[in-house]
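All chains are named by letter (A, B, ...) in the order of the sequence lines, taking the proteins before the strands, and each is independently numbered beginning at 1.
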Amino acid sequence: MTELPPQYNPQAVEEPRYQWWEAQGLFQADPDPKRTPYTIVIPPPNVTGILHMGHALNNTIQDILIRYKRMQGFNALWVPGTDHAGIATQNVVERALAKEGKKRQDVGREAFIQRVWQWKEQYGSTILYQLRRLGSSCDWRRTRFTMDEGLSEAVLEVFLRLHKEGLIYRGHYIINWCPRCQTALADEEAPRQQTLGKLYHIRYPLEDRSGHIEVATTRPETMLGDTAIAVHPKDKRYKALIGKHAILPLVNRRLPIIADELVDKSFGTGAVKVTPAHDPADFQMGKKHKLEFINVMTDDAHMTNVPKEYEGLDRLEARSKLIIDLEKAGFLGAIDEHPHNVGHCYRCHTAVEPRLSPQWFVKMKPLAKPAIEAVKKGTIKFHPKRWTKVYLNWMENIEDWCISRQIWWGHRLPVYYCEKCEHTMVAKAAPAKCSKCSGPVRQDPDVLDTWFSSWLWPFSTLGWPQQTKDLEHFYPTHTLVTAQEIIFFWVARMVMAGYFCMKAPPFTDVYIHGTVRDITGKKMSKSLGNIIDPLDIIKQYGTDALRYTLVTATAIGQDLFLSEERFTAGRNFANKLWNATRFVMSAGPAASGSPGARQLPSPSASAGGAQLAAPLGARPSASPAPITIPDRWILSRLQHTTTRVTNALDAYQFNDAATALYDFLWHDFCDWYVEIAKVQMPQSAEAKATTLAIMHKVLETGLRLLHPVMPFVTEELWQHLRPSDAGPSIMKAPWPKAAKKLTDDEAEAQFARFAAVVGAIRTMRAELNVPPDRKPPVHLITPQAAVRQFFESQQPLLQALAGVAEVHVAAQAQKPKDAATAVVEGIEVILPLAGLIDVAKERERKQQRVAELTKHLQQAEARLKDSDFTDKAPAEIVQGARERKQQLEEDLKKTAAQLTVLQAM
RNA sequence: GGGCGGUUAGCUCAGCUGGUUAGAGCGUCUCCUUUACACGGAGAAGGUCGAGGGUUCGAGUCCUUCACCGCCCACCA
C-alpha cells in the first residue's frame, strides 16, 4: 500500500488508468448466448469533429449507462464510430486545396476523394481519442466509419431494396443552391440569417386593361420566371380577379390569377407573384395548379431564359437593372425595408438561391407506418415522455426524403444511365452496358445524403446485411442517447430503417438530453466565442469533475447552463473522496484474510443496540465487536443510498443519482461517520476492528455506486481499498444491492436525535463565540428513560463532536443560570457558559423561538381540528400530524420555561 | 402561425406519483492552521416557489388564463 498524496491529481491517474482498462480488455463484449446483452450505439460524431460540451454530455451519459449495466452483469456493449459527414468533410479538404490555389474541379473527382481519404486516415480519429479522455468505455475494436466497406455495402443493399419495392424515385424539387460553391445544400446546411432586405412592390397590369394588381417581392429578378399570380381564395379585395389574367411587365407574359390558401392575406399586398422554379411555396402551387416552370438562373446565378437585355447578368445586377426599368415604365410601387431570414451557405455565407433541380427521393409514408406503431405501442419509449408527441407529429406528417447531394464525398448513388437511350438502371456495381440498347453507361454523379448511411447505424455496425452472431446477440440495441436536434434527421429514420431492414426496432429506449448552453442561455458555438472546451476542463479539473458537473447540472432532458466555476464542485468532490480514502487507509487495513474481517455485524433486534448480532458473511464471526448506533446508522443510510441511486439510474435521473452519492459520501460518511470513527476506534481493539470494517465497506460500496459517474477516481481509490476477493477492477465489481436487514429505522431515529443535539450545541457555541478550547459541561434533560440511556452511552461521542466536557443526563430540569439553552426533539439542552451570556440577546432569541413554535403549533392544531382533514386524509398523514403537534407542544412548553428563567434574570 | 420548455434564496439549479417547518452548490457573513482534506471543518443570514383564478381536507407540485424568457417546427413572398 503506497502513501497517497494529500491532493488528488487527476492528470497522474487518468491516462494510465484508461490505458490499463483498455489493455485489460475491460471494454470488450462478445456475443454470449448465456448472458443478457445491453447495447448502445454511439451517435457517430462527424469525422471532422472536435470534442465540445455537447459531445461531453452525450458520451458521459452513455458511459454511465454502459458502466452501470456492465456492473449489473449485463453483457454490455458500446459500439463506437464516426460519420463521414459529407459536406463538412469535403469542406475541410477543399479548404486545404484552396491553400494550394486549387479547386476540387482542378484535381478531379477520383483524386479529390483520394485526398479526403488521406485526410481521414490522418486526422479522422481525433474525436475518438478525445472520447477516450472522457473515459468512454467503448469496445474500440468495433470502431466503425460510415464509409467502411461493410457499411457501404449496407447502404447499397438498402438502396436496392427500397428501389425494388418502388420506394425510390427521381423527381424535381426546390433545393437550396449555393451559387458560389455550386452545390445543393440541405436545409440544415443553409442556416437562416436575419438579413435586412427590401420588399419591392410591383404593379402587374391586368390583361383587360381594367387596372393592375400589385404584388410584393424581396427578389424582383425572379419575376422573369413568373408564371402566375396568386391570391387567397377568401380575400375580398381580389375575389373578382380570380380566373382573370395579368401581364408580366417587361416580358409581357400572360399570367393567370389563381387562388390558393398558401397565400397570406395580411402579408404585403395580399397578392403574390408565383415563380415555381425559384421558390419552395411557389413550387407547390406550380405543381397544384399545373403552372409552367421556368428556370431563369444558371448554376452560378446568372440570368438565363430571359429577355436579351437581362440575359447573362448576375442575379444582383439583374435586380438593380430591373428596378430601374420598372421605375421608368411606371410599374414600380413602394420599396419597404424588410428584415427577413435568408438561408446562407454555412461555409461561404453566400445567400442561397432556391432552385429547381432533379433529385432522388425516398417515399417515407410506407416506412413511417411501423415506426409510428412502435412508438404508439410503447415498443420504443422516449425519455422524457414529451418527445413522443413531437416524434409522432412529425412522423404523421412526414414528407418524402430528398437523398441526393451534389457533392463528391459520400456514397455515390448506385444509379446508371445509358448514354444513348437514357435508360436508368439501379445496381450495386456498374453494368457493362445498357440493359435495353447495349449502349455505354455512366453513373449518376450525385452522392447520398449522409443520413442515408447513419440511419442504418444500429445494425450496419453489427454486420448487416450479413447475418452475424453480433447482430443476433446485440440487436435490437437498448438505449439511444441523443440531443433533441436530431430526433427527425436521425432517430426517426433509424426507427424506419430498423423496421424496414430488420423487422425490429433499432432500440427500445431513447433518452433525449438537453442542449448545453452558456450562462446567458445561448447555445455554445464557436462564432459566439462562448465555448467552454471540455478538454480544457479536463486539464484543469479532471475528467471526473467534468462528468460529475455535467450530470448534476441537468435534470432529465432539461437544457444546462454552464459556467466554468461549476466544475470546482466536481473537482472538490473527487478530492474529498481521495482524502476520505487516505484517512481510512491510514487508520488501518481492513484486516484482510483474518476471519470476520470483512464480515460486518448486523444490527441487533434488541433495543439499545450496543450488542452484536450475526455477521454479514456466511460464517459467524469468531470475536464479535460491539456495534453502535452510528454504525447501524451509516449502514442503514448506505442501503437507502444504494436503492436511491439504482432507482435514479433506471429512471435516467442521473442528477439525482449523483446528488444522492454526494450527500451520502460527503455529508453522512465524511462529516459524520469519519468523525465518529475517530472517537470509536481508540476505545478498544474490537471497536477499532468493527469501525474499520464498516468504513471500508461503506466507502468501497460508495465508490462502486459512484463509479459510472466518476470512473477514474473511484477506480484509483478502489484499487487501494480493494477487498482481496474482489476482481481486478471496480468496472467488473458487482453492482451493490440494498440489504433489507441492514436498513434500520430505529438507529436512524436515534441518530437523528443525536445529530440534532450536537447541532444545537454547535449553534449555541458559534453564536456565543465560545472559544474552541473552552469545553463546558452539558445538561440534557428528558423524561424518556430510553433516550437518557442512549445519550449516557454516547458521552465520548458527544464530547468530541460538540466540544463539551461532562455530559449530565437527567429527567428533571434545573434552573440554569448563565447558560445557553435550547430544545430539540423534546430534549432540553443546557450549556453553562458563565461570562459569555448576553441575557438580553438570549431573551430575544428565545422569544423569537417561542413565537415560531407557537405559530407552527397553531397551524398544526388548526389542521387537526378540521374534520375534513381528519376524515379524508390518509390515516398515516393524520397520525403524523398528531405526533408533530405533540412534539411542538412539548418543545414549546420547555422553550417557554427557558424563557421564564431568562426573564427572571 | 403552430408546438414545447422555463419562471423556486444574490447567482446556477433540484424538488419524480400533491402530505410535516421548500433543498443543494456557488456567493455572502462569523468562527476554526482539531494529527483525511483550506479543493477543508463548524455555524449563520437569505425564499409570500412569475401573476390571477380553479380543483382538493391539503398545491411549489394538478387544471386554467395571463405576462415575460428560451427552443423547435412552418411556404411571411
Problem set entry | nucleotides 17-33 of chain B: protein proximity per nucleotide (B base, S sugar-phosphate only, - neither; heavy atom, under 4.0 Å) | --BBB---S----S-S-
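Rounded to an integer number of Å, the gap from A/F382 CZ to B/C4 P is 16 Å.
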Exercise. How would RNA chain B look in dot-bracket form, 5' to 3', counting Watson-Crick and G-U wobble pairs with both distances under 3.5 Å and writing | for bases paired to another strand?
Worked result: (((((((..((((.....[...)))).(((((.......))))).....(((((..]....))))))))))))....
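Here the separation of B/U55 from B/G18, taken at their C1' atoms, is 12 Å to the nearest Å. Taking atom C1' on both B/C32 and B/G23, the two are 26 Å apart, rounded to the nearest angstrom. For the P atoms, the distance from B/U20 to B/C26 is 27 Å, rounded to whole Å. For the P atoms, the distance linking B/U61 with B/A22 amounts to 15 Å, nearest Å. Across the C1' atoms, B/C13 and B/U8 are found 9 Å apart, a figure rounded to whole Å. Annotation: B/C68 and B/C29 have their C1' atoms spaced 34 Å apart (nearest Å). Here the separation of B/A38 from B/A45, taken at their P atoms, is 28 Å to the nearest Å. Taking atom P on both B/U28 and B/G70, the two are 30 Å apart, rounded to the nearest angstrom.
Using a 4.0 Å heavy-atom distance criterion, A/D671 is classed as a sugar-phosphate-only contact. Using a 4.0 Å heavy-atom cutoff across all strands shown, A/R762 reaches sugar-phosphate atoms only and no base atom.
In this structure, the side chains of A/H172 and A/F293 stay at 4.5 Å or more apart for every pair of heavy atoms. Side-chain contact between A/R547 and A/L550 is absent, with no heavy-atom pair separated by less than 4.5 Å. Within the 4.5 Å cutoff, side-chain heavy atoms of A/M695 are placed close to those of A/Y673. Using a 4.5 Å heavy-atom cutoff, the side chains of A/F654 and A/L649 are in contact. Residues A/Y204 and A/L255 form a side-chain contact, since some pair of their non-hydrogen atoms from C-beta on lies under 4.5 Å apart.
Residue A/I202 forms a side-chain contact (heavy atoms from CB on, under 4.5 Å) with just one option from A/L248, A/T217, A/I323, and that option is A/T217.
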Below 3.5 Å is the cut-off: list the nitrogen or oxygen pairs between protein and nucleotides 74-77 of chain B, distance only.
{"unit_1": "B/C76", "atom_1": "O2", "unit_2": "A/D264", "atom_2": "OD2", "d": "3.2"}
{"unit_1": "B/A77", "atom_1": "OP2", "unit_2": "A/H338", "atom_2": "NE2", "d": "3.2"}
{"unit_1": "B/A77", "atom_1": "N6", "unit_2": "A/D264", "atom_2": "O", "d": "2.8"}
{"unit_1": "B/A77", "atom_1": "N1", "unit_2": "A/D264", "atom_2": "N", "d": "3.2"}

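Heavy-atom nearest nucleotides on RNA chain B were determined for A/G759 and for A/D656, and the one closer to the 5' end corresponds to A/D656.
The main-chain N or O of A/D668 is never found under 3.5 Å from a side-chain atom of A/D663 such that the two would form a donor-acceptor pair. Side-chain atoms of A/E675 do not come within 3.5 Å of backbone N or O of A/L797 as any donor-acceptor pair.
A/K865 has no side-chain polar atom (N or O) that falls below the 4.0 Å cut-off from OP1 or OP2 of B/C57. Considering only side-chain N and O atoms, A/T763 lies under 4.0 angstrom from the phosphate OP1 or OP2 of B/A44. Taking side-chain N and O atoms only, A/K678 has no distance below 4.0 Å to OP1 or OP2 of B/U34.
The base of B/C72 has none of its N or O atoms less than 3.5 Å from a complementary donor or acceptor on the side chain of A/Q484.
Each of B/A36, B/G40, B/G5 was ranked by its minimum atom distance to the side chain of A/C670; first place goes to B/A36.
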